[in-house]
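Taking it in order: structure first as structure tokens, then the write-up.
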2 protein chains.
Amino acid sequence: MFSQLVVWLLAVSAVHAAFDIKTWRMNREYENYLQKRAYYLAEEEDRSVGSDIVLTAKEEIVNERLMALKTAELEAGLENPSQFIPWNHFFDVLERINSSEIFHIIQRMPKGGILHAHDTAICSTDYVVSLTYEPNLWQCTNPTTGALEFRFSREAPPSTETCQWTLVSEERARQGEEQYNSQLRSQLSLYNTDPINHNRDVDSIWREFMGLFGVNFGLLTYAPVWKAYYKNYLKEMLLDGVQYLELRGTLPQLYDLDGKTYNEEENLQIYLDATREFKQENPTFIGAKFIYAPVRVVDDAGIKTLMAKVTQLHERFPTFLAGFDLVGQEDKGRPLIDFSQEILQLPDTINFYFHSGETNWNGLTDINLIDAVLLGSKRLGHGYAIFKHTKVLKMVKREKIAIEVCPISNQVLRLVSDMRNHPGSILLANKEYPVVISSDDPSFWEATPLSHDFYMAFMGLASSRQDLRMLKQLAINSIKYSAMTPMEKLDAMKLWEEQWKKFIDELAA
Amino acid sequence: MFSQLVVWLLAVSAVHAAFDIKTWRMNREYENYLQKRAYYLAEEEDRSVGSDIVLTAKEEIVNERLMALKTAELEAGLENPSQFIPWNHFFDVLERINSSEIFHIIQRMPKGGILHAHDTAICSTDYVVSLTYEPNLWQCTNPTTGALEFRFSREAPPSTETCQWTLVSEERARQGEEQYNSQLRSQLSLYNTDPINHNRDVDSIWREFMGLFGVNFGLLTYAPVWKAYYKNYLKEMLLDGVQYLELRGTLPQLYDLDGKTYNEEENLQIYLDATREFKQENPTFIGAKFIYAPVRVVDDAGIKTLMAKVTQLHERFPTFLAGFDLVGQEDKGRPLIDFSQEILQLPDTINFYFHSGETNWNGLTDINLIDAVLLGSKRLGHGYAIFKHTKVLKMVKREKIAIEVCPISNQVLRLVSDMRNHPGSILLANKEYPVVISSDDPSFWEATPLSHDFYMAFMGLASSRQDLRMLKQLAINSIKYSAMTPMEKLDAMKLWEEQWKKFIDELAA
């Protein structure tokens, strides 16, 4: 009886022990799994842009608020994907962005500098419309295309078959201000509230886009307006939390009412003067530099002329002129290889910031990326196609060639639809790739100087986990990868940090 | 006079020499540049998928023809981007693909195996329609959704409020064959010729997509049809130049006219029998394996049931059952982490082929990628979001975890619009990433078993320079990264190589 009890007890405890060991093993294996998983996730986070930043206590407060808002938008998006802003075309969600709290925080955030923006495509449409109230402004409408043209003149400029000049003031009075301004706006930006035509391709939208540069050309190249437009942009930029600018420009010939014309040097001098004035007037402004970026559609003789011009400008403006680039639709203009023999002859002190890979043509247009890195480009304009080029990827990491990502531009100009497919999302996942966010031609899609693109980077390109640290890093990157000298960068960082501290203090309060 | 002449001569030759040295230096620098450029381009090509292949003389002939066609299509695309097929939604260009010579070559090409396709979404719509001519087939139409349901039965199945059964033969006679079949087709695939609604998001299209599985369910789960459908697919596959299959399936309960039902084991046995029969009948057929892939929408008790089931199936079908996966929209179903504790308890001999990262939700749904690699997944289903995950990228390279890229599926199910933005293009640029091309649910977009996806990989994902070598490598990859044993792979390669040789001989002739 007793021995039976012992046997029974032993059997029961053996079963128990076996069961416990099995459970213990299972739990331990799962715990190991969870630990490894946490480590993998942490490794990815450690590699992402922003991970080098350690937030202060106050920054943590701001971050919590920001991330609560981001998480709520993501959760709503998961419930209703078509309502998620970065899934949509920018025009369909512009008003929603403008009224979102995340956007308001980003607007107030000091974002550093803008390293990729084009001369006549930067000011708000409101401001451009206001310029048409200036006296002595004439207009004509191309009877075939319906495109407006402007010209400042004391008297009516000579009319041609395609151009019958009338005074803007009279035209506006005739049509009524509201009607006039509304059709004017429609020619100053691509933005409109019509349903997006998803069947338009990159060439079709580029044609319309290029047309905009024609409409505002005569208006902006009037020398006094040229300077005012630029200074107004610096003001808009500063209000948008941006303290530094590297402007790409074609330096078109300017004119005034007295028949004087202004060549490239004179044009650049106006930029320089305006920059100095603005710096005097605005102590928080870091400064600006200029990248001479003529149009890539040019013949062989034209290439030589451009090289002579950039050399001359470089000699005359050795610090204000940051370097050289070529603009226009890469798919249509001449590739970098056509310029490379001449570019190699330029003085070593001229830096390059080449547009390259702003295309979906894999192995065709995007070969510009290869030439850009080979020619020693300091940064890549767009670099949209970069992940299709393994050698270029190696080079940008090794040589710290920053990629100027312009999310909204790439969407509006039809490279990508859902912003989450933008290759910038891959760049932001890996801090080895030097990346800056920029805005390209914000005037033409009625975006702010930088906040809308920062919004898209934060909500559409970044991981759900990327937070204030990423935004802060992007601001720092814009100084780090700028054309400023090391000393200038130190001063710039100081000016930016002051603003950053103010921003954090205000928001944490 | 003489001395003047000498001075003049010396001066002239000095100028000449200086000029010559300068020209010589310029030329030399440019030659260096071109050499380095050629090297960079070659380095990229050497790294791309296909570069390990050396073509035979006959293959070169086929390649030249193929590349001439590809180049012509690319050139036409550059001229008119909206006419470029991979830019368009698949439905808008299906007929153009079907009549293109590139597609005809790809159809004839032996493409190896299909490693990612789902049980009831594989046969041509014509074939599925033909099944509805079988006797004893009943249908009802859901009065709310309008969705059809089918059921084989000797007598009318019991009607319910939402289901009034009528004989398909009577219904077809009543409506007229053309009208009946046309509305039937519209419920069997997403394909239609209506203009694409670009405002539909991933959830909306997934709802419709999931609905299709419901429409054909009662039709296909009739045991005799179940087997016939599978065998017909093997036939369609072989005709499409595909010799091997790894089919994912949910193993639903089957039924017959005598009231017998068939459980998972019996279902899988039907697959196995059919595979053996087909292999007997078709000596060029390599074989097939099965991946048990139940739906991921399941409760905790359901998870345990699934684990018991896969273990049981694995014991009974140790070689035919290649492994385990979970299906359904990742954004909506349970994430892998919910299954992981149970998965860790499965026998080590069960392999995994997890769907992961079929999403645009960065840092949310796509965390499944982390769990997939941690759980030891042999391949990744889709892996669309992989480039947002640096640790996963490292793992797939190190562990040779193949990514099953399904380009058309991802476009139709609204992850991407322009095919050139598909991350598969990055995978194809770098042979370190193991990649296979597959078709997912070709029945539901009226695609061939594999040729349409190969076409998209070749024209939309690959570089303009990637050629027959890439296609050949993709065929080889489908065997290399299959679940076959090393010995099976040797046999498979032999059978594939015979077909490849035949293909090359015929086309080179």
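In what follows, every chain begins at residue 1, and chains take the letters A, B, ... in the order their sequences are listed.
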(request) Determine the option with the most heavy-atom pairs under 4.5 angstrom with chain B, choosing from Asn360(A), Ile426(A), Leu427(A), Val416(A). (result) Asn360(A)
(message) A side-chain contact here means heavy atoms from C-beta on lying under 4.5 Å apart; do Leu413(B) and Trp206(B) qualify?
(response) yes
(request) Pick one of side chain, backbone, both or neither for Val373(B), based on which atoms fall under 4.5 Å of a heavy atom in chain A. (result) side chain
(request) Identify the two heavy atoms, one from Pro347(B) and one from Thr311(B), that lie closest to each other, and give their separation to 0.1 Å. (result) CG-CG2, 4.0 Å
(request) Tell me, out of Val392(B), Leu374(B), Val202(B), who's got the most heavy-atom pairs with chain A below 4.5 Å. (result) Leu374(B)
(message) Measuring only between side-chain heavy atoms, which start at C-beta, is Arg420(B) closer than 4.5 Å to Asn362(A)?
(response) no
(message) Treating Gln466(A) as the side-chain partner and Ser463(A) as the backbone partner, does any N or O pair qualify as donor plus acceptor under 3.5 Å?
(response) yes
(message) If the threshold is 4.0 Å, N to carboxylate O, is there a salt bridge linking Lys304(B) and Glu342(B)?
(response) yes
(message) So for Asp371(B), is it side chain, backbone, both, or neither that comes closer than 4.5 Å to the heavy atoms of chain A?
(response) both
(message) In the structure I gave you, are the side-chain heavy atoms of Lys70(B) and Met67(B) within less than 4.5 Å of one another anywhere?
(response) yes
(message) If I compare all heavy atoms of Asp338(B) with all of Arg334(B), which pair ends up nearest, and what's the gap?
(response) OD2-NE, 2.9 Å
(request) Could you tell me which portion of Arg200(B) (side chain, backbone, both or neither) has an atom closer than 4.5 angstrom to a non-hydrogen atom of chain A? (result) backbone
(request) Quick one: which of Ile337(B), Asp92(B), Asn199(B) has the most heavy-atom pairs under 4.5 Å with chain A, could you say? (result) Ile337(B)
(message) Is Glu79(A) close to chain B through its backbone or its side chain, or both, or neither, when contacts mean heavy atoms under 4.5 Å?
(response) backbone
(request) Name the region of Asp418(B), side chain, backbone, both or neither, that has any atom closer than 4.5 Å to a heavy atom of chain A. (result) side chain
(message) I'd like to check Met470(A) versus Lys431(A) (side-chain heavy atoms, cut-off strictly below 4.5 Å). Are they in contact?
(response) no
(message) Need one label for Glu432(B): side chain, backbone, both or neither, based on atoms under 4.5 Å from any heavy atom in chain A.
(response) neither
(request) Just give me the residue among Arg47(A), Lys388(A), Arg414(A), Gln341(A) that pairs up with chain B most often, heavy atom to heavy atom, under 4.5 Å. (result) Gln341(A)
(request) Verify, without hydrogens or angle tests, whether Asn368(A) (side chain) and Asp366(A) (backbone) share a donor-acceptor contact under 3.5 angstrom. (result) no
(request) Measure Ser204(B) against the heavy atoms of chain A and call it side chain, backbone, both or neither at under 4.5 Å. (result) neither
(message) Less than 4.5 Å to any heavy atom of chain A: does that hold for the side chain of Leu461(B), its backbone, both, or neither?
(response) backbone
(message) Could you report the tightest heavy-atom contact between Asn421(B) and Leu415(A), atom names first, then the distance?
(response) ND2-O, 2.8 Å
(message) Checking side chain to side chain contact (heavy atoms under 4.5 Å, CB included) between Phe354(B) and each of Leu336(B), Leu369(B), Leu380(B), which is the one that passes?
(response) Leu336(B)
(message) Is Leu74(B) in contact with chain A via its backbone, its side chain, both, or neither, using a 4.5 Å heavy-atom distance?
(response) both
(message) Under a 4.5 Å cutoff for heavy-atom pairs, which residue among Lys332(A), Lys36(A), Met395(A), His389(A) has the most contacts with chain B?
(response) His389(A)
(message) Using a 6.0 Å cut-off, check whether atom CZ of Arg25(B) has over 12 heavy atoms from anything other than its own residue.
(response) no
(request) Taking heavy atoms only and a threshold strictly under 4.5 Å, list by residue number the residues of residues 83-90 of chain A that touch chain B; give 'none' if the list is empty. (result) Phe84(A), Trp87(A)
(message) Under 4.5 Å from any heavy atom of chain A, what part of Arg37(B) do you find: side chain, backbone, both or neither?
(response) both
(request) Pick whichever of Leu78(A), Ile370(A), Leu375(A) has the most heavy-atom pairs under 4.5 Å with chain B. (result) Leu78(A)
(request) Verify the ring-centre separation between Phe387(A) and Tyr433(A): is it less than 6.0 angstrom? (result) yes
(request) Counting only heavy atoms closer than 4.5 Å, note whether Thr359(A) contacts chain B via side chain, backbone, both or neither. (result) neither
(message) Quick one: does any side-chain atom of His422(B) pair with a main-chain N or O of Gly424(B) as donor and acceptor, under 3.5 Å?
(response) yes
(request) Could you tell me which non-hydrogen atom of Glu44(B) sits nearest to which non-hydrogen atom of Thr390(A), and how far apart they are? (result) OE2-N, 3.4 Å
(request) Measure distances from Gln345(B) to the heavy atoms of chain A and classify the residue's part below 4.5 Å as side chain, backbone, both or neither. (result) side chain
(message) Between Ala462(B) and chain A, with a heavy-atom cut-off of 4.5 Å, which part of the residue counts as in contact: side chain, backbone, both or neither?
(response) backbone
